[in-house]
Amino acid sequence: MLGTCFRVADKFLIKENMNTQTMTTEAKDTKKTIRISGSEAVVRSLIAEGVDILYGYPGGAIMPVYDELYKFQDEIHHVLSRHEQGATHSAQGYARISGKVGVAIATSGPGATNLITGIADAQIDSTPMVCITGQVPSHLLGSDAFQETDIVGISTPVTKWNHQVTKASEIPAVIAKAFYIAKSGRPGPVLIDITKDAQFEEFDYSYEKCTGVRSYVPVPKTDPETLKAAAELINNAKKPLVVWGQGVILSKAEEAFKAVIEKAGIPSAWTIMGASAIPTSHPLNVGMVGMHGNYAPNVLTNECDVLIAIGMRFDDRVTGKLDEYARQAKVVHFEIDPAEIDKNVKTDVAVLGDAKASLEALLPLLNENTHTEWHQKFKDLYAIEFEKVIKNDLHPTKEGLTMGEVLNEINTQTKGEAAIVTDVGQHQMIACRYADFNVTKSNITSGGLGTMGFGLPAAIGAKMAAPEREVVSISGDGGYQMTIQELGTIFQQKAAVKVVVLNNEFLGMVRQWQQLFFDKRYASTEMTNPDFVAIAKGYYLNAKRVTKREELADAVAEMIASEEAYFLEVCVEKEDNVFPMVPSGASVSEIRLE
Amino acid sequence: MSTGIKSYTISVYTENNIGLLNRISAIFQRRHINIESLNISVSEIEGVSRFTIVVNMTEEKVRKIIGQIEKQIEVIKAYYHTEEETIYQETAMFKIKSELLFEERQIQNIIKESNSRIVTVNKEFFVLEKSGRRNEIELLHRELSVFGILQFTRSGRIAVTKERMEISQMLAAFN
């Protein structure tokens, strides 16, 4: 199976090892090997893949690898999370802001199972991640040994690939394959489980990167005929609408994408995962689609004549009721994953392949257009949404603070340059709706899985991957407490994350549903909260609480000016709702403004 | 596209890998699809395994399933076919008391007419093997159960397709 992996010699390791290590001369050609343990091979393989930071938590079955991490600490920085779930989310945040593979490491049993939420999140949001777990010695496999769990079995449905290693000699090729699979094509998480005896075992190590797996086609070939057909539909469209997703960001297609929509003059809306691919202020950017998306793109989805989906997967939160979704439109779907074609929405033209390559090839086939009248419809509907919703969110006249005005203040003071890392719930929808994104890869959130507790640890990974950027973590009081222990990681790593908690003393999104659909029966959604400022101070963070509008601007200014991590709690109105809203099971054009 | 539920034979060519069975069966499980029969064997290509999976579902669903199967890293290619597009067989074994073979004339006729084969006979029991379509095996089962069957088992379906499978060329293209 591993023989199917193509390899390229890693020159760096060979050169380094020539002077310091005994080499075995039996190796054919110029391949040089060194005799080392499996655990050292793990660390050397990670370094060979360019890993400089990894997140994890030690324990019995992974101790040999940690011993090597200790030895190699000048080359690879291990970040001790406070819970393995935090490690995965940090690895995800790292991957999402950098485009590189995030790495998390944990011990067997509970260490491994604690990774699962982050792995599932990375799978559904196509985040490149490699997780390494220790496992009980191979002779104990299947015997219910201490801290044994079948993590390969457990992680199978939520990994792009996984594999258990029981022999040290497999390690370099398996790790090479893991990185190749995680980052190629539609990215995703890979888990490698390594038995403790394989970590101790010595073997002749050499490292070669993987460049192909014969049973795996990362990027399907693009049929030029489909591009022509797509161009024809777009050129003949009177009311075209683009909906783009994270695929634009993952394939680094931002510029090609902008060129396409600018040439053809197409109003373009984004899914939550696609946010920030082009600036919020771009004149063709008509906002977010989906349950809490903008009014115009939702309503006009059911009026457009050609719907052009790019690197998105028609999630149910985007489409609402499927049999009333864009039925009048011809659908063009640019997609890297053939399994997504016709999965939810039937397409008229499917353009398989990498978004960047496809969009670059599409550009010369398009006619210039402006669609002025069609654009006016978006503007008209925006005006309605502004009057009914946005104005009150961003510039409230009532006494209580709104989440929207906090976002507005952060926008102003970061000039829309910050990476916004959100958790899950009302604050997430508000942040995605109102954050100014001027830089790509600036919206880091748990879109598909909706993982509460994602935000804080993901922000740590994002800040460590891009220390030059302002990283603002925005959470609600519920999700924040699911991974609040990662404040310890922030403190220990001196990660200058700006942590904002929008506290409404409720699990706000569930409460909103209870209000709208369950006759205000607030079952277990009211939170009795601790003193968040005191907790942050307990971790030696600068911290402040804002309860009044007149304190907000100064507090945000102080937070942004801080060179260290900073905690800001904003006590917002308790029972505000997020609108617009497409009620569950309703059509996107039945979106409610109140 | 047909909306009716039909029997489809799914053929999956894969690398020979521990855990792949789990990965593939999970795809059916999460959509709550019952696998009617499953057989895994070597294929015409060395080192490549072949899954033969029989399911009852709509064509629309089977297409989606195929997409999700093919997406698995170690799956080389997956196909689906209707019964008419395949040549297929199942094998069954019946263990029956030997005395019946001599006491009941009728049994010998059944064996002859059903085109089944006696694999072994000893003092206590004999074993009958029957390969064929499901309905033929079911008919034989009905006929023999009157006399008493000590043990019965039936294999999963194995099938080859009438059309060519482009699998060897795909692998050649990689190498």
Side-chain angles (χ1 to χ4, degrees), chain A residues 1-6 120 123 126 141 150-166 170 174 177-178 180-182 184-193 210-218 220-221 313 335-346 350 352, chain B residues 1-3 10-33 42-43 45-51 58-80 165-175:
Chain A
M1 176 263 315
L2 295 163
T4 60
C5 201
F6 282 1
Q123 170 84 341
S126 308
L141 283 171
D150 174 15
I151 196 61
V152 169
I154 290 171
S155 64
T156 290
V158 290
T159 47
K160 188 174 174 187
W161 185 64
N162 60 6
H163 187 79
Q164 185 174 66
V165 171
T166 54
E170 287 184 75
V174 167
K177 191 171 169 182
Y180 173 72
I181 290 170
S184 59
R186 180 177 181 175
V190 171
L191 180 135
I192 303 300
D193 191 36
C210 176
T211 57
V213 175
R214 75 168 181 179
S215 56
Y216 166 53
V217 183
K221 278 210 182 78
R313 60 185 178 85
E335 176 57 51
I336 197 166
D337 179 358
E340 293 297 345
I341 302 298
D342 293 342
K343 188 182 83 176
N344 297 329
V345 171
K346 192 96 182 68
L352 287 174
Chain B
M1 190 181 289
S2 160
T3 50
I10 296 174
S11 307
V12 190
Y13 287 86
T14 73
E15 301 291 356
N16 182 8
N17 176 255
I18 292 178
L20 195 55
L21 171 61
N22 245 351
R23 223 166 238 289
I24 290 175
S25 67
I27 294 168
F28 292 91
Q29 187 199 351
R30 61 191 288 227
R31 285 180 179 263
H32 217 99
I33 295 159
V42 295
S43 71
I45 302 151
E46 203 186 324
V48 172
S49 303
R50 180 171 176 166
F51 287 58
T58 62
E59 183 168 9
E60 191 187 337
K61 264 199 173 177
V62 79
R63 272 174 198 240
K64 291 178 187 176
I65 290 275
I66 290 287
Q68 289 179 333
I69 292 174
E70 277 198 338
K71 197 163 140 168
Q72 305 306 317
I73 300 293
E74 275 136 352
V75 169
I76 300 163
K77 188 77 190 159
Y79 302 88
Y80 71 94
M165 298 245 197
E166 305 291 330
I167 194 82
S168 301
Q169 291 93 313
M170 280 181 55
L171 292 179
F174 186 86
N175 296 326

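We use all heavy atoms of the structure for the numbers below, so side chains are in, but hydrogens, waters and symmetry mates are not.
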*Any chance you could lay out the side-chain contact (heavy atoms from CB on, under 4.5 Å) test for B/V48 and A/R214, step after step, and finish with the verdict?*
CA-CA 11 Å; B/V48 172; A/R214 75 168 181 179; 3.6 Å; yes
*Can you tell if the side chain of B/R23 reaches within under 4.5 Å of the side chain of A/T159, non-hydrogen atoms only?*
yes
What is the distance from atom [atom1] of [X] to atom [atom2] of [Y], rounded to the nearest 0.5 Å?
X      : Y      : atom1 : atom2 : value
A/I341 : B/R63  : CD1   : CZ    : 12.5 Å
B/N22  : A/N162 : CG    : CG    : 9.0 Å
A/Q164 : B/I18  : CD    : CD1   : 8.5 Å
A/I181 : B/I73  : CD1   : CD1   : 4.5 Å
B/E60  : A/K346 : CD    : NZ    : 8.0 Å

*Set of side-chain contact (heavy atoms from CB on, under 4.5 Å) partners for A/E340, sequence neighbours left out*: A/R186, A/R313, A/H333, A/E335, A/D337, A/K343, B/K71
_Listed partners of B/F51 passing ring-ring contact (aromatic ring centres under 6.0 Å, His included), at least two apart_ =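 Once residues adjacent in sequence are excluded, B/F51 has no partner under the ring-ring contact (aromatic ring centres under 6.0 Å, His included) criterion.
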*Considering non-hydrogen atoms only, spot the tightest contact between B/E74 and A/S215 and give its length.*
CA-OG, 3.3 Å
